[in-house]
Amino acid sequence: LGRGLVAGHDHQVAEREEVVVAGPSALFFEPEQGREQVVAGTPAELADPILEVAADAQERDDALPRQIDGALLPVDEQVALICQTPVSRRAELLELMPEPERVVPALPEAELVFTVKGIGRADTAWLLAHATDDQLVACVDLDAWQDLTPDREALAEWIATFGEADDDTLMRGAQALDPELIMLWLHDRADVTMKPNDSDGGQDWSPPAGGSTLDGVFYLVAKRSSDDLDVAMRLLALLFESDYWFYFRMLQSVAWELPSENEEFALRWRAGRLQDLGFPGWEEAMAIYAQPRRDELEQLPDAAPKVGEWH
């Protein structure tokens, strides 16, 4: 096909099928058919044709390389393309991104959560590896709470997904989350016993049966099964090596602090973050369902107001 001019860019066309996106239009090169097809539209309108071309190429040759041309489509427009695509199809679109590590951190926090939920948390560890600390926190804020209480199982699943990504994501997620949430997660998974000092009877003390320890001071015993401590022990080992104070503080809080107090603090921090993202507080959100006052009912017009045509 030689050289093609795409939205003012002189672009060398490779001898393979490629989806090339430039500004508000998309140019599909199809060498096997000896023709090229240009589709114009907004990011939302381009998503389906881009995915259809990629699917056709997949049927013809599983090894055929296909991707969106990142040189012609800026990151902010790639982000707009993702955000305006139905969540059920975002996984396919992300696979076409040449540099997802640049696109994922630029997604709004809530959009990343919607994307992960749409794809399925079990299949998005690679996505979370590219996420920012604020995005990781938003995942927990928006999906690991039941009313005004942290959902222990959902919280554990998110932390496990961080761990599936890699050690760095697990560490970043744990350090970005509120310490109170980490304490609640550990408290739900294990009983923590601290070895007393020798002056307090430590010489005659015996560790709990089945306890796991990293330092000979704190011993963890799984509350349900040994599998529950796999991720916990891995995280604690990382903290022990790189952030001992956090490690010490977490285990001490599990051993001595009340979960109810930590729930209250965690709720307060979460509410502030959600308001920053545009989500109203619980009381404000529930006020819409409150029964109107008598004076408000008296101010209602007798007839329904006329509503013009929707555009």
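Nothing here was measured: the structure is a model prediction, and the numbers come from that model.
A donor-acceptor pair under 3.5 Å links the side-chain atoms of N262 to the main chain of L258, judged by distance alone. Not a single donor-acceptor pair under 3.5 Å links the side chain of R189 to the backbone N or O of L229. Under a 3.5 Å cut-off, the side chain of Q135 and the backbone N or O of V104 do form a donor-acceptor pair. Between the side chain of D215 and the backbone N or O of V217, at least one donor-acceptor pair lies under 3.5 Å. At distances below 3.5 Å, at least one donor-acceptor pair connects side-chain atoms of D151 with backbone N or O atoms of E153.
When side chains are defined from C-beta on, T115 counts as touching L94, because their heavy atoms get closer than 4.5 Å. When side chains are defined from C-beta on, P98 counts as touching Q78, because their heavy atoms get closer than 4.5 Å. Residues M97 and I82 are in side-chain contact: their nearest non-hydrogen atoms beyond the backbone lie under 4.5 Å apart. L107 has its side chain within reach of C83: a pair of non-hydrogen atoms, C-beta onward, lies under 4.5 Å apart. The shortest side-chain heavy-atom distance between E109 and T132 does not fall under the 4.5 Å cut-off. I159 is listed as a side-chain neighbour of I182, based on a closest heavy-atom distance under 4.5 Å. In this structure, W158 and L177 have side chains that are not in contact, with every pair of non-hydrogen atoms separated by 4.5 Å or more. The shortest side-chain heavy-atom distance between L220 and L236 falls under the 4.5 Å cut-off.
Closest approach of A106 to V75, counting heavy atoms only: CB-CG1, 4.2 Å. A154 and R121 make their closest contact through O-NH1, 4.5 Å (heavy atoms, listed as atom of the first residue, atom of the second, distance). Looking at every heavy atom in both residues, E101 comes nearest to H130 through CB-ND1, 3.5 Å.
In this structure, CG on D133 lies 9.5 Å from OG1 on T169, to the nearest 0.5 angstrom. Atoms CD and CD, on E261 and E263 in that order, are 11.0 Å from each other to the nearest 0.5 Å.
The environment of Q275 atom CD is dense: over 12 non-hydrogen atoms of other residues, nucleotides or ligands sit within 6.0 angstrom.
F240 is linked by a ring-ring contact (aromatic ring centres under 6.0 Å, His included) to Y244, Y247, counting only residues two or more places apart in sequence or in another chain. A search for salt bridge (Lys or Arg N to Asp or Glu O under 4.0 Å) contacts involving R293 returns D295, E296, not counting sequence neighbours.
Cluster partners of W269, by chain and number: F265. The rule joins Ile, Leu, Val, Met, Phe, Trp and Tyr whenever side-chain heavy atoms lie under 4.5 Å apart. Through side-chain heavy atoms spaced under 4.5 Å, either directly or across other Ile, Leu, Val, Met, Phe, Trp or Tyr residues, L300 is tied to L297. Applying the under-4.5 Å side-chain rule to Ile, Leu, Val, Met, Phe, Trp and Tyr, the cluster around F114 extends to V87. L274 forms part of a hydrophobic cluster together with V113, L142, L277, F279, judged by ILVMFWY side-chain heavy-atom separations under 4.5 Å.
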Q | Check against side-chain contact (heavy atoms from CB on, under 4.5 Å), T213 and K195 | A | CA-CA 11 Å; T213 184; K195 179 182 178 180; over 6 Å; no

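Comment: D188 engages R224 in a salt bridge, judged by a side-chain N to carboxylate O separation of less than 4.0 angstrom. Between R249 and E257 there is a salt bridge, since a side-chain N of the basic residue sits under 4.0 Å from a carboxylate O of the acidic one. By the 4.0 Å N-to-carboxylate-O rule, E111 lies close enough to R90 to be salt-bridged with it. A salt bridge does not link K117 with E157: none of the charged nitrogens is closer than 4.0 Å to a carboxylate oxygen.
Cluster annotation: V221 and L186 are assigned to distinct hydrophobic clusters (Ile/Leu/Val/Met/Phe/Trp/Tyr, side-chain heavy-atom contacts under 4.5 Å, transitive).
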